[in-house]
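Worksheet: the structure to be examined is printed underneath.
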Amino acid sequence: MGGIISSSGKRPEAILWDLDGTLIDTSRSSIAALNSAIMKLTKNKMTFDHQTLLPIVTKSNKATKQSTDMNNANNPQDKLEWATKIISELQLTTVTPKLLVSEWDSAMLRNRASIPLMPFALETVRHFHRHKIPQAICTMSNAKSYAMKKSKHKELFDMIDLAVCSDDPHVKHRKPSPDVFLVGADRMSATPINCVVIEDSPEGCRAGWAAGCRVICVADVWSKSNNVGKGVQAELFCKSLSDINMSKLALPPLPLHLNSKS
């Protein structure tokens, strides 16, 4: 099964949102926590800027096609594997994976209340809500992590009808497998072809397409790399949520001031 765009121009039965990097800026917080951990463990001898760390934190694992961002790791072993990759990439010869995981966890815990929304996330969710389109979050975060991430942004998450997390017993495989979106569509009593998946990652876009959904890709840094983005299919590619062409969803545009460049 693959995404079908013959329903383009039709009003969707449901919106299936990704969470990290699409609605909330988790990568930036993850990078800040990683840098804080590195500085502490190297006694301030090593630090890296955002542009250096971003491709590493969001780097795709070629073997599994799964995100290596520790933020979405489901178990301690996943976190240790992620930390091992980071140490190798950055040549942190005096740091062990266990220590890096511990310090990263501590830094993320301190920062949990300050993870910001992505630009125009609240406005876009509100737009769908006002037009009475049901919305679900389909995320590779586990339920505990999801609860932490949504705690600061009550206004946005009050407009979300349900969430499907990676540790849901019906989600057998992580993205790019379609499980989480198929479960989300089913619980919304919607058919996948009439659902719109909004994603920022290549794995997520592939998962939405494999589920048979319409896919809107809000392009992240990976979209500049033909190697990472190869084979990704989507109905729309956008630089920002404010760039979504709402007419493709049979909806009026976002309020004009949201589309201004100021």
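Using a 4.0 Å cut-off between charged side-chain N and carboxylate O, Asp158 and Lys150 make no salt bridge. Here Glu199 does not pair with Arg206 in a salt bridge; the nearest charged N to carboxylate O distance is not below 4.0 Å. Comment: Glu155 engages Arg126 in a salt bridge, judged by a side-chain N to carboxylate O separation of less than 4.0 angstrom. Salt-bridge formation is detected for the pair Lys79/Asp105: a Lys NZ or Arg NE/NH1/NH2 atom is positioned less than 4.0 Å from an Asp or Glu carboxylate oxygen. Using a 4.0 Å cut-off between charged side-chain N and carboxylate O, Lys149 and Asp20 make a salt bridge. Salt bridge present: Asp18 and Lys175 bring a charged side-chain N and a carboxylate O closer than 4.0 Å.
Atom CG of Leu241 sits about 4.5 Å away from atom OG1 of Thr124, to the nearest 0.5 Å. Separating the CD1 atom in Ile216 from the OG1 atom in Thr22 is a distance of 11.0 Å, to the nearest 0.5 Å. In this structure, the separation between NE2 on His129 and CE on Met159 is 6.5 Å, given to the nearest 0.5 Å. Atom CG of residue Leu156 and atom CH2 of residue Trp17 lie 8.0 Å apart, to the nearest 0.5 angstrom.
The environment of CZ in Arg28 is sparse: at most 12 heavy-atom neighbours from other residues, nucleotides or ligands sit within 6.0 Å.
Linking Ile, Leu, Val, Met, Phe, Trp and Tyr whenever their side-chain heavy atoms come within less than 4.5 Å leaves Phe120 and Met118 in two separate clusters.
A salt bridge (Lys or Arg N to Asp or Glu O under 4.0 Å) check over residues 90-100, counting only residues at least two apart or in different chains, returns nothing.
Looking at residues two or more places apart in sequence or on another chain, you find a ring-ring contact (aromatic ring centres under 6.0 Å, His included) between Tyr146 and Phe157. For the side-chain contact (heavy atoms from CB on, under 4.5 Å) test, residues two or more places apart in sequence or in another chain that qualify with Thr191 are Glu13, Ile193, Asn194.
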